[in-house]
Every structure is written in C-alpha cells, then in structure tokens.
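What follows is a set of notes on a single structure, which appears directly below.
Side chains included, hydrogens not; waters and symmetry mates left out as well; all remaining heavy atoms used.
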Amino acid sequence: MTIREANAADWRAIYRDLRAKIDSGELLPGSPLPTIAALAKQTGLTRHGARRVLERLRDEGRTQSWQGVGFRVAETVINYQIDGFPRWGQSISRMGLENTSCVIASRSVRASRDVALHMRLKTGARIYQAEILRLVDQRPTVLARGQFPMGRFEGILDEISKTGSVAAALAQFGVREYRRTSTQVEA
C-alpha cells in the first residue's frame, strides 16, 4: 500500500506503511522523510495527524529529528567499549552488522616521543602510519589511525587491506592478543 492509497483520515495506516518501509530497508538509515506539512499534503492527514505519525516513529527509535533538519530514518547506533583490548570487528559482528576495513592512506614516519614511548621504541624510530576506513554495513563509519613498527610488521598494510581487519592482520604476524596503550577520539 502506498501512502496515497491509505485512508487519508487514518493516521495509523500511514504510520504502518512508513514503519514497514523503514523495517524492510526500503527507506535506508539517514534517508530524509517528508516534513509534517508535506506528509499532511501527500496523505490528506491534518498536520496534527502527520506529526503524530512522525513522532510515533521517532518515539519507537525508527526515526530521528532535529530542529531545522526534520525527520530522518534512524541511523544504526553502535555501542563500542573503548578499553585496552580493541576488537572493533568482533563488537560490530556481535551486533549482527557487517564490518570491513581498508587502508586508504599510509606513509612511513618517525615516531614522536609519545608514540615511541607507548610502542617501546626509540624516539625517531621509523613506523608505518595508516589511515584505516572502517565500514559498517558498507557505510563509512570510522576513520582510524594505526601505527606499526617498521621491520617487525613489514607488509601489515597489505594484510589489513586483504583481511579487512587489523586484528586478523596482526595475527598473520604472530600477534594474537595485544593491548592498546592509548586511545584518542575526535568527533
């Protein structure tokens, strides 16, 4: 049933139709929804009825709204515990989502004093620095920076690209478990 085919006086039918489109994936996360005025005009609902439809979807967590932006299909919320044992891919998989990672930029740099200290290297030692794009369900989600000592991890960037996982790439170099000594988050 399309919105136009629904009984214009019944906001519940409009609500059920939009809910079904969101739940089926026909309307993708982040997709804009009609404004209250546009939904009322499309369906014959009053503005109050149209507002009721959109607010009920928001109250259920299916949509999000912001003043001046309007309503959008809700984005997936990712709860990721930042601790010493990084496992981004495992966390994403446990949520039933697909995770992939790819190296989008890399270079050889000299380790700063702080980086060298955390990696137990000499200040100025050469390291690989990589920008790693992490996608969740094929949507760009995180831009991470990975740093790896040269020599010990020759070819790690190719392994990350091949496996789509930092942990899997490190395992190829004999590192099954590792502890993160610091984390910086920018938003």
Side-chain angles (χ1 to χ4, degrees), residues 1-106 129-147 160-161 163-168 180 182-187:
M1 165 189 325
T2 68
I3 290 174
R4 288 191 182 276
E5 293 169 339
N7 178 348
D10 184 7
W11 68 270
R12 289 173 195 85
I14 309 300
Y15 155 78
R16 284 190 299 271
D17 185 54
L18 280 174
R19 183 185 67 193
K21 288 179 179 179
I22 291 168
D23 291 351
S24 72
E26 184 178 335
L27 293 173
L28 297 174
S31 298
L33 294 171
T35 64
I36 291 169
L39 184 61
K41 186 175 180 180
Q42 288 172 3
T43 62
L45 288 173
T46 63
R47 283 180 182 249
H48 174 75
R51 179 185 312 275
R52 194 171 189 183
V53 167
L54 294 171
E55 287 179 350
R56 182 161 182 189
L57 291 167
R58 183 193 60 209
D59 293 346
E60 294 173 347
R62 287 183 168 87
T63 65
Q64 300 166 321
S65 66
W66 299 271
Q67 180 70 33
V69 176
F71 286 84
R72 293 185 177 275
V73 177
E75 299 280 349
T76 303
V77 174
I78 297 171
N79 292 313
Y80 176 63
Q81 180 72 33
I82 297 176
D83 59 19
F85 297 98
R87 291 295 180 261
W88 170 262
Q90 289 175 0
S91 298
I92 297 305
S93 294
R94 275 194 300 270
M95 288 187 270
L97 304 171
E98 178 190 6
N99 169 65
T100 54
S101 298
C102 59
V103 177
I104 58 172
S106 63
Q129 184 169 289
E131 302 290 328
I132 302 166
L133 180 62
R134 298 180 188 256
L135 297 98
V136 175
D137 285 347
Q138 300 176 0
R139 298 184 68 209
T141 305
V142 172
L143 181 60
R145 177 176 294 138
Q147 297 168 323
I160 293 170
S161 293
T163 63
S165 164
V166 172
R180 181 182 295 166
S182 70
T183 300
Q184 295 177 335
V185 178
E186 297 178 27

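Under the 4.5 Å side-chain criterion, counting only non-hydrogen atoms from C-beta, Leu57 is in contact with Arg19. Within the 4.5 Å cutoff, the side chain of Pro34 has heavy atoms near those of the Gln42 side chain. In this structure, Leu54 and Thr63 have side chains that are not in contact, with every pair of non-hydrogen atoms separated by 4.5 Å or more. With a 4.5 Å cut-off on side-chain heavy atoms, Ile132 and Cys102 do not count as touching. In this structure, Glu55 and Val53 have side chains that are not in contact, with every pair of non-hydrogen atoms separated by 4.5 Å or more. Arg139 is listed as a side-chain neighbour of Pro29, based on a closest heavy-atom distance under 4.5 Å.
Taking all atoms of both residues into account, the shortest heavy-atom contact from Ala50 to Ala40 is CB-N, 3.8 Å. Taking every heavy atom of both residues into account, Gly30 and Arg72 meet most closely at O-NH1, 3.0 Å. Listed here is the closest heavy atom pair of Trp88 and Asn99: NE1-OD1, 2.8 Å. Residues Arg16 and Asp10 share a closest heavy-atom pair of NH2-OD2, 4.1 Å. Taking every heavy atom of both residues into account, Ser165 and Ser101 meet most closely at N-CB, 4.4 Å. In terms of heavy atoms, Leu28 sits closest to Val73 at O-CB, 3.3 Å.
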*Would Ile14 and Arg52 count as a side-chain contact (heavy atoms from CB on, under 4.5 Å) if you check the C-alpha gap in whole Å, the side-chain angles of each, and the deciding distance to 0.1 Å?*
CA-CA 10 Å; Ile14 309 300; Arg52 194 171 189 183; over 6 Å; no
*asked:* Set out, in order, the CA-CA distance, both residues' side-chain angles and the distance that settles side-chain contact (heavy atoms from CB on, under 4.5 Å) for His48 and Arg51, then state yes or no.
replied: CA-CA 5 Å; His48 174 75; Arg51 179 185 312 275; 5.5 Å; no
*Worked verdict on Arg134 versus Thr141 for side-chain contact (heavy atoms from CB on, under 4.5 Å)*: CA-CA 6 Å; Arg134 298 180 188 256; Thr141 305; 5.5 Å; no
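Between the OG1 atom in Thr100 and the CG atom in Leu135 there is a gap of 4.0 Å [rounded to 0.5 Å]. Annotation: the span from Leu143 atom CG to Leu133 atom CG amounts to 6.5 Å, rounded to 0.5 Å. Here CZ of Arg58 is found 5.0 Å from CZ of Phe71. Values are rounded to the nearest 0.5 Å. The distance from atom CD of Gln64 to atom CD of Glu75, rounded to the nearest 0.5 Å, is 6.5 Å. Atom CG of Leu27 is separated from atom CG of Leu33 by 6.5 Å, given to the nearest 0.5 angstrom. The structure places CG of Leu45 at 12.0 Å from CZ of Arg47, a figure rounded to the nearest 0.5 Å.
Within the 3.5 Å criterion, the main-chain N or O of Glu98 finds a donor-acceptor partner in the side chain of Asp137.
Listed by chain and number, the residues in a salt bridge (Lys or Arg N to Asp or Glu O under 4.0 Å) with Arg56 are Glu60 (sequence neighbours excluded).
Residue pairs meeting the salt bridge (charged side-chain N to carboxylate O under 4.0 Å, His left out) criterion with at least one partner in residues 23-37, sequence neighbours excluded, are Asp23-Arg62.
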